[in-house]
Amino acid sequence: MQNKTKYLVTAALPTANNYIHIGHLVGSYLTPDIYVRYRKLKNDDVIFISGSDEYGTAIEMAALSQNVTPKEIIDRYHFSNKKAFEEIGIEFDIFSRTSNEIHHKTAQEFFLNLYNKNILVQKTEKQLFSNKEQRFLADRYVIGTCPVCGYEEARGDECPNCGSNLSPLELINPRSKITGDTPVVKEATHFYFPLEKYQEKLSEWIFSKTNWKQNVINYCKGWFKAGLRDRAITRDLDWGVKVPLEGYDGKVIYVWVEAPVGYISATKELFIERNQPHKWKEYWQGENTKLIHFLGKDNVVFHAIIFPAMLMAHGDFILPDNIPANEFLNIKGEKLSKSKDNGILVKDIVKKFDPDVIRYTLTSILPENKDSEFEMKDLQIRNNSELAAILGNFINRTVVFTKTKFENKIPERGELETADKEVLNFVKSQSVLISEHLDNFKFRDALFEAMNVARAANKYFNDSEPWKLIKDNKKRCETVINICLEICHSIAILMSPFIPFTADKILKTLNKDKSDLKWDKAGEFVLKAGTELGNNEILFPQIEDKQINEAVNTEEQTDVKTVVPENVISIDDFKKVNLKVAKVIECEAVPKSKKLLKLKLKVGDSEKQIVSGISEHYKPEDLIGKLIVVVDNLKPSKLMGIDSHGMLLAAKQNGELKIVTIDGEIDTGAEVS
RNA sequence: GCCGGGAUAGCUCAGCUGGUUAGAGCGUCGGAAUCAUAAUCCGUAGGUCGGGGGUUCAAGUCCCUCUCCCGGUACCA
């Protein structure tokens, strides 16, 4: 039986403890979406699978720290992220979630399969247990004194002060990060997956791949070189998929083994929805299926090594055909990744910019081979000088010409001249070239070549000069415009994987349904002469500087996450600054100055005078009696001839300024640290 | 510390196993055109390929070394 190739495309399961940001989007979701849309245009048999990863310590901790149930956490982020994906046009066949019953069942079956084959190994280890919380504490969530440097807020996995790698058992005075409870040492038995045994098989398999991206191969090489280690695959937690064995109450399957099984569960769920409950097997067990995992580089080890090893051990499923992992997207030097929770959220940016403009921009700077840089201004540049100027303009000039010169009806096409044939051949050959790029996961190149169709179309329009033909050779003019309109349709086809919303708009303008929106129809004639065109709209309005500035500013304001500043200092550096509490006893404006106030302060037993540039924000009488914070040992200076022996602290933002005051009563001269 | 990756035109990036004058897009500058969102089309200028050393007839491309950036991993026990 010769079966047609099936494509099973997965996108990394986003953890439902955070809103997805454009780093996630570019790393794991945009490229598979483009790929799948392209496959569908080619009439390939493809399904696109993803869903929320809803277990793991991160979610439990998010729930504890926000004082809500884990269920509330996962619901919030699952539905929000699902919506964000829809808004940006990521069109999954199914976006499931690992809290679904079918996933529990599937993951447990998987576990039992390995257990029954005696593949799993049991080991006993010492761990920290909180009696108060009635659970074992994850490494990151234990705090204590670092045995190396004495820093009191060291974490169980590492010390942020001296950089030492630690284990929670080494911490002096360990305590739970969440409740502060002092944990006790307790033995715990866990199942391990013997990854070490699979190293040879895995490396043979991976090194046999000739079409994998070099960065992915390199990551694997690194792991192999270090030697694979057995990994625990159970945890003592409530929140997760239960270990399906008697006598193992309170144990769940560790998220890194359970989550990837979610791809299988979601596929089952999809075909139950489609009333073909057994069809999932054709994808996961069929020889002719290409399983393709899309993800960011942080996920390579799970998809290229751990999950394949599990699949090998299980034996009933196919292995991935390719893992086209992306690198990271940086934002003006800031790092974006799953582990560092900061960035521009998808749910926010779709409210400020056309989703297709975002998709286009991100695709054109995709971190395919190495980390790449993004800034808001890129959206403006890509929109104004590429989408609007080249693509939008071609559609618009063609449609407007038809409207004003041909009563908005598609003109008849006469005999073709060389230029006509050339441009049509070019469109056709580009469709082949773009195909090749997409087949090889070269999305930037593919998009660039798609854009070249619009460039060529503009040139054809220019060279043909229909605005002159209309005066002395109407027949010829009709042919040219007919062809331009046909090219508009071809552009809709070739661009639709990248900017699907725009493709739809173009079809509407052409008054055309989707029946010819097929890859093979690019460069072909599909329009009917005489058809009246639909409404014309400007596809890509200019993005003004103002919009960019506003977007950048609101981004900074909404970003409440922890960001590591650029110039970190040691605590010793900080201690060089003497901060003290001071009381304002006198205060007056400095004459003729614009912003200066002269303040007399009581600091402990002494008085001091400082000059501060805050009169636009505070009146002298507002300040008298207030307890504020001053830098006591600042080098004295003169401002408008007045001595200043320090400075007060104040917060400033967008022209607003608020001074730092003391909450409650304390003696002046008290040190601030 | 160790392993891996990166450093190429003003900006964002391509450059496979070493081989003619190092490429693209955007931006710059000049010209053409005026149907079109002052958009298009044609042309121009721009780089000691992070520094230094080496191999070779020939190196952005291989080797050594240094600097800076990014990942991973370890030093603890």
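Proteins get letters first, then strands, A, B, ... in listed order; numbering begins at 1 in each.
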Value for CG (A:N322) from NZ (A:K209), rounded to nearest 0.5 Å, stands at 7.5 Å
Once you apply the 3.5 Å cut-off to both distances, tell me the Watson-Crick or G-U wobble partner of B:G60, or none. none
Which nucleotide, in any strand shown, forms a Watson-Crick or G-U wobble pair with B:G47, with both distances under 3.5 Å? none
With rounding to the closest Å, how many angstrom separate the P atoms on B:G46 and B:G23? 13 Å
For B:A39, the nucleotide meeting Watson-Crick or G-U wobble distances (both under 3.5 Å) is none
Length of the OH-C1' vector between A:Y360 and B:C26, whole Å: 10 Å
With no hydrogens and no angle check, just 3.5 Å: does a side-chain donor-acceptor pair link A:R397 and A:N462? yes
Flag, side chain of A:E368 to backbone of A:N326, donor-acceptor distance under 3.5 Å: no
Testing B:C35, B:U12, B:G25 for proximity to the side chain of A:I365, the answer is B:U12
Under the salt bridge (Lys or Arg N to Asp or Glu O under 4.0 Å) test, which residues partner A:K442, sequence neighbours left out? none
For the rings on A:F193 and A:Y198, is their centre-to-centre separation under 6.0 Å? yes
Indicate, with a heavy-atom threshold strictly under 4.0 Å, whether A:K221 touches base, sugar-phosphate, or nothing. nothing
Provide, to the nearest angstrom, the distance between the CD1 atom belonging to A:I543 and the P atom belonging to B:C26. 17 Å
Separation of the C1' atoms in B:C16 and B:C41, to the nearest angstrom: 34 Å
Distance, rounded to the nearest Å, where A:L447 contributes CG and B:C13 contributes C1': 14 Å
Could you tell me whether the side chain of A:K428 and the main chain of A:A522 form a donor-acceptor pair under 3.5 Å? yes
When you check every protein heavy atom under 4.0 Å of nucleotides 2-11 of chain B, what one-letter string (B, S, -) results, 5' to 3'? -S-SSS----
How would you label the glycosidic angle of B:G46: syn (within 90° of 0) or anti? syn
Round to a whole Å and report the spacing from CD of A:E436 to P of B:C16. 19 Å
Which of these nucleotides, B:U12, B:C70, B:G72, is closest to any side-chain atom of A:W223? B:G72
Please confirm whether the backbone N or O of A:A388 pairs with a side-chain atom of A:N393, one donor and one acceptor, at under 3.5 Å? no
Atom CG of A:N211 and atom C1' of B:C16 are separated, to the nearest Å, by 15 Å
Given side-chain hydrogen bond (donor to acceptor under 3.5 Å, both in side chains), test A:N458 with A:R455 step by step and report yes or no. CA-CA 5 Å; A:N458 271 318; A:R455 289 179 216 277; over 6 Å; no
Quantified in whole Å, what is the C1' atom distance between nucleotide B:G72 and nucleotide B:G54? 31 Å
If I pick the C1' atom on B:A22 and the same atom on B:C13, what distance separates them, to the nearest angstrom? 14 Å
Nearest of B:C41, B:C13, B:G25 to any side-chain atom of A:D463? B:C41
What's A:F461 touching, base or sugar-phosphate or nothing? Going by heavy atoms closer than 4.0 Å. base
Here the distance between atom C1' of B:C13 and atom CG of A:N330, to the nearest Å, is 14 Å
How far apart are the C-alpha atoms of A:Q380 and A:D545, what are their side-chain angles, what is the distance that settles it, and do they pass the side-chain hydrogen bond (donor to acceptor under 3.5 Å, both in side chains) test? CA-CA 8 Å; A:Q380 182 186 29; A:D545 292 349; 2.7 Å; yes
Taking for each residue the nucleotide of RNA chain B with the nearest heavy atom, is it A:S364 or A:W467 whose nucleotide lies nearer the 5' end? A:S364
Of the listed nucleotides (B:C26, B:U34, B:U12), which one gets closest to any side-chain atom of A:E386? B:C26
Could you tell me how far apart A:L391 (CG) and B:G25 (P) are, to the nearest whole angstrom? 17 Å
Does atom NZ (A:K528) have a neighbourhood of more than 12 heavy atoms from anything else shown, all under 6.0 Å? no
Are A:Y35 and A:F441 close enough that their ring centres sit under 6.0 Å apart? yes
Please report the distance separating the P of B:U48 from the corresponding atom of B:C64, rounded so that it comes out in whole Å. 27 Å
If you assign A:E368 and A:K297 each to the RNA chain B nucleotide with the nearest heavy atom, which residue ends up on the more 5' nucleotide? A:E368
Using purine N1 to pyrimidine N3 plus N6-O4 or O6-N4 for Watson-Crick, or N1-O2 and O6-N3 for G-U wobble, both under 3.5 Å, which nucleotide pairs with B:U73? B:G1
Tell me whether A:T479 contacts the main-chain N or O of A:G414 through its side chain, where contact means a donor paired with an acceptor under 3.5 Å. yes
Please list, pair by pair, any protein nitrogen or oxygen found under 3.5 Å from a nitrogen or oxygen in nucleotides 36-40 of chain B.
unit_1: B:A36; atom_1: O3'; unit_2: A:N396; atom_2: OD1; d: 3.1
unit_1: B:A36; atom_1: O2'; unit_2: A:N393; atom_2: ND2; d: 3.1
unit_1: B:A36; atom_1: O2'; unit_2: A:N396; atom_2: OD1; d: 2.8
unit_1: B:A36; atom_1: N1; unit_2: A:R397; atom_2: NH2; d: 3.3
unit_1: B:A36; atom_1: N3; unit_2: A:N393; atom_2: OD1; d: 3.3
unit_1: B:A36; atom_1: N3; unit_2: A:N393; atom_2: ND2; d: 3.3
unit_1: B:A36; atom_1: N3; unit_2: A:R397; atom_2: NE; d: 3.3
unit_1: B:U37; atom_1: O2; unit_2: A:Q542; atom_2: NE2; d: 3.2
unit_1: B:U37; atom_1: N3; unit_2: A:F540; atom_2: O; d: 2.8
unit_1: B:U37; atom_1: O4; unit_2: A:F540; atom_2: N; d: 3.1
unit_1: B:U37; atom_1: O4; unit_2: A:F540; atom_2: O; d: 3.3
unit_1: B:A39; atom_1: O2'; unit_2: A:A389; atom_2: O; d: 2.8
unit_1: B:A39; atom_1: O2'; unit_2: A:N393; atom_2: OD1; d: 3.3
unit_1: B:U40; atom_1: O2'; unit_2: A:R397; atom_2: NH1; d: 3.2
unit_1: B:U40; atom_1: O2'; unit_2: A:N462; atom_2: OD1; d: 3.0
unit_1: B:U40; atom_1: O2'; unit_2: A:N462; atom_2: ND2; d: 3.4
unit_1: B:U40; atom_1: O2; unit_2: A:N462; atom_2: ND2; d: 3.0

Nearest-Å distance for atom pair NZ/C1', residues A:K471 and B:A33: 12 Å
Write down the distance separating the C1' atoms in B:G43 and B:G19, rounded off to the nearest Å. 30 Å
In whole Å, what separates the P atom of B:C63 from that of B:U17? 11 Å
When both hydrogen-bonding distances must be under 3.5 Å and the geometry is Watson-Crick or G-U wobble, what is B:U20 paired with, if anything? none
Roughly how many Å apart are B:C49 and B:C3, using the C1' atom of each and rounding to a whole number? 26 Å
